[in-house]
Amino acid sequence: MNLTPAIVLIAASFSLISCQKYNYTEVIEKSLLFYEAQRSGKLPANNRIPWRGDSMLNDKDGDVDLTGGYFDAGDHVKFNFPLAWAISTLAMGGIDFKSGYTSAGQFDYLLDAVKWGADYFFKCHTGETELYVQVGDATADHNWWDLPERWTDVRPTYKVTAERPGSDIAGETSALFSAASILFRGINDTYSNELLDHAKSLYEFAMAYRGKYSDSVPEATPYYTSNGFADELVWAASWLFRATNDIRYRTDADDLIVEYDLSSATGFSWDSKISGADVNLYETTHEEKYAKRIISFCDDTIDNTPRTPKGLVFIFEWGSLRALSNVIFICLQAARMGINDEKYIDFATSQIDLMLGDWGRSFVCGFGNDPPIRPHHRSSSCPNPPETCGWSFFNSELPNANILYGALVGGPNLLDEYEDVRNDAVKNEVAVDYNAAFQGSIAALKQFSENDDGENGDNGGNGLTFNYQIALGLLMVQVTITFLMQRNR
Ligand SMILES: *[C@@H]1O[C@H](CO)[C@@H](O)[C@H](O)[C@H]1NC(C)=O
Ligand SMILES: *[C@@H]1O[C@H](CO)[C@@H](O)[C@H](O)[C@H]1NC(C)=O
């Protein structure tokens, strides 16, 4: 007898049960482990990374304690500008894709990850017009290949003030505090209010004293030079409007867009926040003008951006998968709000699945088929003590001594060239900013895969739709079996 129709029916019924090709739960879980591996300072008793210990306990400026926070990437500098964006973006994922996190059983770990960042930024915010923005000299740091646990020197610290302003970094830090405040609302209102107070104070500082932090703190250059501060001001205002519903912030956002001629600007990254602000402004106002800007950003990426031979959208080479993940996150936000949901979810799923294995290998350490084993990452590359480390380990072809679970590596170039070699920082570095929108996107896909209509606020997961899908799937299996039995008579 001909089994083809039966097989097609069975396959169709299982695809209805779940459209997850890769285990998104596992990716979220591991990505959060990556953030844990990046922690600096005194680690708590529940640290889950066995090869990490207390480090950089001398991070301070006189009496100001600046321990804690996260290392930037494969190095150990604390670059607050990209870090603050990573935390605001992680928090945004937790707010908008909460049911993706809860159904993965990872929401509490996400809270911990955001709190670990926010608590460090509290320490950095030492006055109404004073904010520490970097700990560690990048040149000294980059001349060293060893465990952070072995670094004992007091590191230089850098701050912005009224005289040497940084409205980009003050705005971004305000944004992270607002986002964290929303995330913790109803979970710990004392903490949430504390976050909001800092967010408001930093916003005033950012608005009153305008300038680029990388002009005030040249030591941030060339690593994280800011391209401008206007987008961070809009981003900060959009977050405060979301957090407080105070119309003043919405007016400020619109005025800033005019003042700095941002009406056709788009972008989402550690240096560019305007499309993230558009998401907040559309979420809170439902005004078409914001939706249009989001659509133009997503459609330009999906329809007009070059692709690699294997189909990855290629935006730029240094950390190509991170650049792509950032856009994907915005498009999934659009989908959540009912904008072009089918197109954007399809796009996001196919691109994320390429990163997780469809390309021919996984680009996430410790996940899936043939994952990278030599990420450009100092502390995981070094052997465990008492063995010593050094440049021979940087240049070695051996795998990193410890698996850096969950880290998204840079990724291939336009020609799909990629090699898992440690000294290629362009393709193999990892960073706190790389995983932020990536992780949020996976949580979004997890949420959508269990919730057909794609438009889900914070209604706690909509397990009902998922159950209907299972029921429908089982019904179709039943129909198939009946059909087969009929034919066999
Ligand atoms: C997906 O990953 C999670 C967490 O690692 C695991 O508990 C679960 O069993 C996995 N699911 C499948 C279908 O393999
Ligand atoms: C809530 O946050 C406050 C302020 O950070 C903290 O002191 C308190 O322990 C937190 N409460 C809980 C239940 O975690």
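Values reported hereafter were calculated over all heavy atoms of this structure, with side chains retained and with hydrogens, waters and symmetry mates removed.
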> Partners of Cys124 by disulfide bond (SG atoms under 2.5 Å apart), sequence neighbours excluded?
none
> Assess whether a salt bridge exists between Asp141 and Arg378, defined as any Lys/Arg side-chain N lying under 4.0 Å from an Asp/Glu carboxylate O.
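Salt bridge: yes.
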> Please determine whether side chain to side chain contact (heavy atoms under 4.5 Å, CB included) holds for the pair Leu324 and Met355, giving the CA-CA distance in whole Å, both sets of side-chain angles, and the decisive distance to 0.1 Å.
CA-CA 10 Å; Leu324 174 56; Met355 300 181 201; 3.6 Å; yes
> Got a sec, which pairs hit ring-ring contact (aromatic ring centres under 6.0 Å, His included) with one end in residues 358-383, sequence neighbours left out?
Trp145-His376, Trp359-Phe363, Phe363-Tyr418, His376-Phe394
> Any heavy-atom pair between the side chains of Leu240 and Asp246 that's under 4.5 Å?
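A side-chain contact under 4.5 Å is absent here.
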> Taking atom NZ of Lys292 as the centre, does the number of heavy atoms from other residues, nucleotides or ligands within less than 6.0 Å exceed 12?
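No.
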> Compute whether any side-chain donor of one residue and acceptor of the other, for Asp72 and Tyr224, lie under 3.5 angstrom apart.
yes
> Salt bridge or not for Arg242 and Asp96, using N-O below 4.0 Å?
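Salt bridge between Arg242 and Asp96, a charged N being under 4.0 Å from a carboxylate O: yes.
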> Are Lys42 and Asp54 within salt-bridge range, i.e. N to O under 4.0 Å?
yes
> Output, in order, the C-alpha distance, side-chain angles, deciding distance and verdict of side chain to side chain contact (heavy atoms under 4.5 Å, CB included) for Lys200 and Leu196.
CA-CA 6 Å; Lys200 288 178 179 169; Leu196 191 56; 4.1 Å; yes
> Classify the side-chain pair Asn435/Ser31 by whether it contains a donor and acceptor separated by less than 3.5 Å.
yes
> Is it the case that more than 12 heavy atoms not belonging to Tyr109 sit under 6.0 Å from its OH atom?
no
> In terms of side-chain geometry, is the basic nitrogen of Glu36 or Arg52 positioned less than 4.0 Å from the acidic oxygen of its partner?
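Answer for the salt bridge query: no.
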> Just to verify, which of Thr25, Val364, Ile328, Ile352 counts as forming a side-chain contact (heavy atoms from CB on, under 4.5 Å) with Ile442?
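When side-chain contact (heavy atoms from CB on, under 4.5 Å) is applied between Ile442 and each of Thr25, Val364, Ile328, Ile352, only Ile352 qualifies.
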> Just do the side-chain hydrogen bond (donor to acceptor under 3.5 Å, both in side chains) check on Asp112 and Tyr35 with the steps written out, would you?
CA-CA 10 Å; Asp112 284 352; Tyr35 282 99; over 6 Å; no
> Closer than 3.5 angstrom, by distance alone: can the side chain of Asp231 be matched with the main-chain N or O of Ile274 as a donor-acceptor pair?
no
> Scan side-chain atoms only and decide if Tyr191 and Asp119 contain a donor-acceptor pair under the 3.5 Å cut-off.
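Judged by distance alone, the side chains do pair up.
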> What pairs with Cys382 under disulfide bond (SG atoms under 2.5 Å apart), at least two apart in sequence or on another chain?
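Once residues adjacent in sequence are excluded, the partners of Cys382 under the disulfide bond (SG atoms under 2.5 Å apart) criterion are Cys389.
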> Parallel, tilted or perpendicular, judged at 30° and 60°: which one describes the rings of Phe81 and Tyr213?
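Taking Tyr213 first and then Phe81, their aromatic rings sit tilted (interplane angle of 30° to 60°).
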> For the residue pair Phe268 and Trp235, categorise the inter-ring angle as parallel (less than 30°), tilted (30 to 60°) or perpendicular (more than 60°).
perpendicular
